[in-house]
Protein chains: 2
Amino acid sequence: MSKQRVKANVENGKAHRRGAGVGHVYETLRNEIIELKLAPGSPIDEVQLSERFSLSRTPIREALVRLASDGLIETLPNRATIVSHIDFLGLPQFFDALSLMYRVTTRLAAANHDPADLERIWSLQKEFATAVNARDVLTMIAANRNFHVEIAKAGRNRYYTELFTQLLDEGRRILRLYYSSFNDELPVQYVTEHEDMIAAISDRDVALADQLAGRHAEQIVRQIQAFVIADPKTNFSMAI
Amino acid sequence: MSKQRVKANVENGKAHRRGAGVGHVYETLRNEIIELKLAPGSPIDEVQLSERFSLSRTPIREALVRLASDGLIETLPNRATIVSHIDFLGLPQFFDALSLMYRVTTRLAAANHDPADLERIWSLQKEFATAVNARDVLTMIAANRNFHVEIAKAGRNRYYTELFTQLLDEGRRILRLYYSSFNDELPVQYVTEHEDMIAAISDRDVALADQLAGRHAEQIVRQIQAFVIADPKTNFSMAI
DNA sequence: TGTATTTTTTTTGTCGACATAAATTTTCGC
DNA sequence: GCGAAAATTTATGTCGACAAAAAAAATACA
């Protein structure tokens with residue numbers, strides 16, 4: 001009897017093309033980590049994932065290596081791999097870098113954008129406003145991230161865009177914690193702040209764009225800092 | 001007859017521990033790419049590498065995925081993987097980000113360093129000066145990179161340190177091109193500029209550190225730009 | 001009963017093999 | 001002889017299995 005080969009490679013009955021599985025696993029896990037569906041510190045089991053995605057361990061491992069490169073998971077040699085902890089001790093550094101990137105990217109967007117950029121930015125701003133009105137926290141956070149990434153892209157500097165994206169994604173985990181305790185009132189003032197920033201970009205007013213972005217960053221940082229200080233329980237439960 | 005297993009896992013007759021091979025392959029290839037021993041655009045053959053390092057393709061692939069995450073290689077789906085091209089078109093953006101990181105990290109070092117940091121920085125500065133005197137280009141470039149990374153570490157902000165390290169490593173390929181045409185006279189003025197920067201850091205003079213780092217960056221950028229413009233042949237041969 | 005040592009279990013790291021996609025060569029029709 | 005289709009080659013993507021390392025469980029001994 002000749003050997004036969006059963007080609008599985010499916011999830012939810014949907015067949016994948018060769019090579020597409022890795023990216024899918026990567027994106028899926030990435031989202032689940034960023035949206036805190038996978039808690040920081042929780043273990044990641046390769047066999048379990050390979051069953052879930054109907055793939056062998058090899059492509060799963062490739063996705064995990066990528067996530068580790070992004071700093072989203074930590075690999076303890078020969079033993080467990082876990083979802084990265086949120087680094088509360090490094091929060092001041094994080095805020096410093098985040099603020100600088102807010103300013104630099106918005107500044108560059110004012111200098112380098114074109115009309116098509118503005119359209120995309122407006123579109124994402126509308127998504128953001130809608131989510132705020134609908135009190136939909138997860139969508140709001142994701143839209144906020146996409147809004148600022150789009151501004152960064154309009155600035156046309158891939159180095160800043162990459163660092164900023166990474167910071168915003170790390171920040172989504174923190175924002176998720178923050179807003180989960182304030183589920184009812186979402187930050188309506190951010191909507192108008194965003195609109196002021198768009199206006200400054202559109203006017204190519206570099207100095208104003210810089211200033212507004214700086215204030216916007218300060219605002220966010222201050223709110224999160226107040227939250228972390230006011231709720232040491234969170235600090236205790238999330239950091240090892 | 002029972003199956004027997006021959007444990008190879010060696011390179012240059014030196015046995016590796018389980019799990020150590022991947023890191024070794026990663027570091028080795030990383031260095032060869034950064035020092036231009038592997039030319040931009042040159043193909044990377046998994047089978048060839050697995051023979052060279054006496055490993056199977058699986059750990060080789062893991063190292064390649066990491067290099068791809070760093071942007072040092074590009075993976076064309078289902079076909080070749082090649083050493084990343086140097087992005088000459090993106091050089092202005094690169095210089096902008098590099099300059100900002102020079103300033104921010106040196107500034108933070110002036111604010112946050114401790115005596116042990118200064119010792120390490122001085123030690124690397126001495127290595128740099130020695131290499132300049134010895135007209136040893138590769139060592140000079142590597143020491144310069146380590147010098148600035150150490151300053152960044154003294155600044156105590158891992159986000160800046162990571163981006164800066166990445167930029168400096170990308171920059172090593174460009175510097176390598178630049179100095180290979182000026183093999184005889186190495187930049188002695190950088191030695192004194194470095195020493196001025198150390199003095200400003202040591203004095204905790206944040207404003208001066210920022211200023212000196214900015215000028216240092218301008219100096220480097222101006223020299224490389226002049227080189228790229230003056231030698232379009234390089235431009236042609238390296239960019240796709 | 002408590003502790004040290006051995007055994008078992010679990011999970012990761014690595015391997016060799018096969019399947020598949022793209023490039024290359026060969027064959028075929030005109 | 002020339003272009004298109006078919007066959008071959010080459011290198012990648014994926015798989016199932018084995019081996020080693022660490023943790024957990026079981027046993028031995030006081």
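Because only heavy atoms are used, hydrogens play no part in the values below, and waters and symmetry mates are left out as well, while side chains stay in. In what follows, every chain begins at residue 1, and chains take the letters A, B, ... in the order their sequences are listed.
Listed nucleotides: D:dC15, D:dA21, C:dT14. Nearest to the side chain of A:N78: D:dA21. Side chain of B:V22, nearest nucleotide from C:dT14, C:dT12, D:dT12: C:dT14.
In this entry the distance linking NE2 of A:H24 with C1' of D:dT14 reads 16 Å, nearest Å. Here the C1' atom of nucleotide D:dA11 and the CD atom of B:E51 are 13 Å apart, to the nearest Å. As a whole-Å value, the separation of A:L49 CG from D:dC15 P is 14 Å. For B:E74 and D:dT12, the CD to P distance is 15 Å, given to the nearest whole Å. Rounded to a whole Å, the CD1 atom of A:I73 is 11 Å from the P atom of C:dT12. D:dA11 atom P lies 6 Å from atom CG of B:D45, rounded to whole Å. The CG-C1' distance, from B:L76 to C:dA21, rounds to 13 Å in whole Å. Here D:dT12 presents its C1' atom at 15 Å from CD of B:Q48, a figure rounded to the nearest Å.
Considering B:R52, B:R172, B:R173 in turn, B:R52 is the only one that fulfils the salt bridge (charged side-chain N to carboxylate O under 4.0 Å, His left out) rule with B:E32. Residue A:Y102 is tested with A:Y160, A:F95, A:F164 for a ring-ring contact (aromatic ring centres under 6.0 Å, His included); the sole match is A:F164.
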Side chain to side chain contact (heavy atoms under 4.5 Å, CB included) for B:F147 and B:I151? Distances and angles first, verdict last. CA-CA 6 Å; B:F147 171 76; B:I151 290 180; 3.7 Å; yes
Without placing hydrogens or testing angles, list every side-chain donor-acceptor pair under 3.5 Å for residues 64-79 of chain A, not counting sequence neighbours.
from, atom 1, to, atom 2, distance (Å)
A:D70, OD2, A:Y26, OH, 2.3
A:N78, OD1, B:R18, NE, 2.9

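By the side chain to side chain donor-acceptor pair (under 3.5 Å) test, A:E62 is found to be paired with B:R61, residues two or more places apart in sequence or in another chain being considered.
A residue-by-residue look at B:T58 and B:R79 shows that B:T58 has its nearest nucleotide of DNA chain C further toward the 5' end. When the nearest nucleotides of DNA chain D are assigned to A:P77 and A:R57 by heavy-atom distance, the more 5′-ward of the two goes with A:R57.
Among the atoms of the strands shown, none is found under 4.0 Å from any heavy atom of A:I60. B:I44 comes within 4.0 angstrom of sugar-phosphate atoms only, judged by non-hydrogen atoms across all strands, and of no base.
The stretch residues 64-71 of chain B has no heavy atom under 4.0 Å from DNA chain C, so no residue of it qualifies as close.
Between C:dC15 and B:S56, a contact under 4.0 Å exists linking OP1 or OP2 to a side-chain N or O.
A donor-acceptor contact under 3.5 Å is not formed by the side chain of B:R18 with the base of C:dT14.
B:D169 and B:R145 are joined by a salt bridge, as a carboxylate oxygen and a charged side-chain nitrogen come within less than 4.0 angstrom of each other. Remark: A:D114 engages A:R156 in a salt bridge, criterion side-chain N to carboxylate O under 4.0 Å.
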